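Let me begin by presenting the structure, written as structure tokens, before commenting on it.
Residue numbers start from 1 in every chain, and the chains themselves are labelled A, B, ... in the order their sequence lines are given, proteins ahead of strands. Just so it is clear, the model here is predicted, and its values are computed rather than measured.
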2 protein chains.
Amino acid sequence: MAAEEQSASIDPNRPMNILDALCPSRDVLVDLADKWVLLMLASLRESGVQRYSELQRSLGGISRKMLSQTLRTLERDGLVLRTVDVKMAPPLVLYELTELGREIAEETRALCTWTEKRTATVYEARAAYDRR
Amino acid sequence: MAAEEQSASIDPNRPMNILDALCPSRDVLVDLADKWVLLMLASLRESGVQRYSELQRSLGGISRKMLSQTLRTLERDGLVLRTVDVKMAPPLVLYELTELGREIAEETRALCTWTEKRTATVYEARAAYDRR
DNA sequence: CTGCATCCTAGTCGATACTG
DNA sequence: CAGTATCGACTAGGATGCAG
């Protein structure tokens with residue numbers, strides 16, 4: 001989400017390896033490995049298209065700053081498409097997933113689903129760990 | 001990974017909803033939505049079992065502090081099992097995924113795979129965004 | 001309504017040094 | 001080898017105020 005250590009530029013001959021600190025894929029992972037990003041992908045995946053204020057209500061607890069920042073990151077990465085209807089006042093801005101965004105939103109769906117399903121188990125594990 | 005806003009305790013009658021700021025599943029997501037966590041799950045999934053120093057070499061660029069901290073978080077959440085062979089000197093400590101850990105590591109695999117596969121595309125999107 | 005610019009604090013994280 | 005403790009730089013992220 002911010003300045004990360006220098007990563008090598010993309011070399012088509014070198015296979016990607018996300019465990020390698022200098023692999024370019026690390027930069028992409030850093031953008032994705034974020035609470036708000038995962039939630040935004042989930043929300044846009046479910047709703048199809050949403051405006052700014054809808055997204056803020058949808059992602060419970062997000063501030064406008066993080067909302068804008070996260071949207072900008074995803075837009076820059078080509079995962080989210082931003083559309084402005086300039087003829088409207090007050091402005092109407094719509095956000096939706098791009099094709100690439102729908103791809104990754106599909107991959108991260110399992111992560112969110114698993115989390116909801118296993119939350120109770122994790123809570124029990126934490127309690128057991130803290131008891132010891 | 002650290003103190004998060006107060007979330008409701010678990011109520012078996014209320015369905016989990018990760019978009020809800022007060023849903024307990026948020027706490028779990030916060031632990032998972034982390035670069036080092038995703039990489040560690042990937043590494044342990046591939047290797048089966050690793051010792052501390054192997055993990056540090058495996059997760060390129062991780063500091064000992066983040067290594068310990070991430071391992072502790074995952075151990076507490078019941079995703080990683082830590083085994084010490086006390087009869088050894090120097091100490092031999094092994095880390096492996098629990099059954100629960102293998103579950104989530106399987107879900108996050110797609111995320112890492114997609115990232116490696118689509119890194120070039122994301123880089124192009126970023127370049128296009130920055131050009132404009 | 002949709003943002004960006006600022007300020008400010010709490011927390012993150014790396015480096016370093018030290019222990020069993 | 002496998003950590004922990006501490007310090008200090010940096011950053012994330014909420015709050016607020018203003019603008020198109």
Nearest listed nucleotide, side chain of [X], among [options]:
| X | options | value |
| --- | --- | --- |
| A:V93 | D:dG3, C:dT2, C:dG14 | C:dT2 |
| A:Y52 | C:dT2, C:dG14, C:dC18 | C:dT2 |
| A:P91 | D:dG20, D:dG14, C:dG3 | D:dG20 |
| B:K65 | C:dT2, D:dG3, C:dA15 | C:dA15 |
| B:R82 | D:dG13, C:dG3, D:dA2 | D:dA2 |
| B:S68 | D:dT4, C:dG14, C:dG3 | D:dT4 |

Residue whose closest nucleotide on DNA chain D lies nearer the 5' end, A:I62 versus A:P90 =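 The residue mapped nearer the 5' terminus is A:I62.
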
Side-chain donor-acceptor pair under 3.5 Å between [X] and [Y], yes or no?
| X | Y | result |
| --- | --- | --- |
| A:Q50 | A:S47 | yes |
| B:S43 | B:S58 | yes |
| B:Y95 | B:T83 | no |

Could you state the [atom1]-[atom2] distance from [X] to [N], rounded to the nearest angstrom?
| X | N | atom1 | atom2 | value |
| --- | --- | --- | --- | --- |
| B:D34 | C:dT12 | CG | P | 10 Å |
| A:L55 | C:dT2 | CG | P | 9 Å |
| B:W36 | C:dT12 | CH2 | C1' | 13 Å |
| A:Q56 | C:dC1 | CD | P | 10 Å |
| A:M66 | C:dC4 | CE | C1' | 15 Å |
| B:D85 | D:dC1 | CG | P | 16 Å |
| B:Q50 | D:dC1 | CD | P | 15 Å |
| B:Q69 | D:dG3 | CD | C1' | 13 Å |

Measuring to OP1 and OP2 of [N], would you say a side-chain N or O of [X] lies under 4.0 angstrom away?
| X | N | result |
| --- | --- | --- |
| B:Y95 | D:dG3 | yes |
| A:R64 | D:dA15 | no |
| A:S63 | D:dA15 | no |
| A:R51 | C:dT2 | yes |

Six-ring centre of A:Y123, A:R126 cation under 6.0 angstrom, axis tolerance 45° =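 Judged by the rule, A:R126 and A:Y123 form a cation-pi pair.
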
Is it the case that A:R131 places NZ or CZ above or below the six-membered ring of A:Y129, under 6.0 angstrom from the centre and within 45 degrees of the axis?
->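 Not satisfied by the 6.0 Å and 45° rule.
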
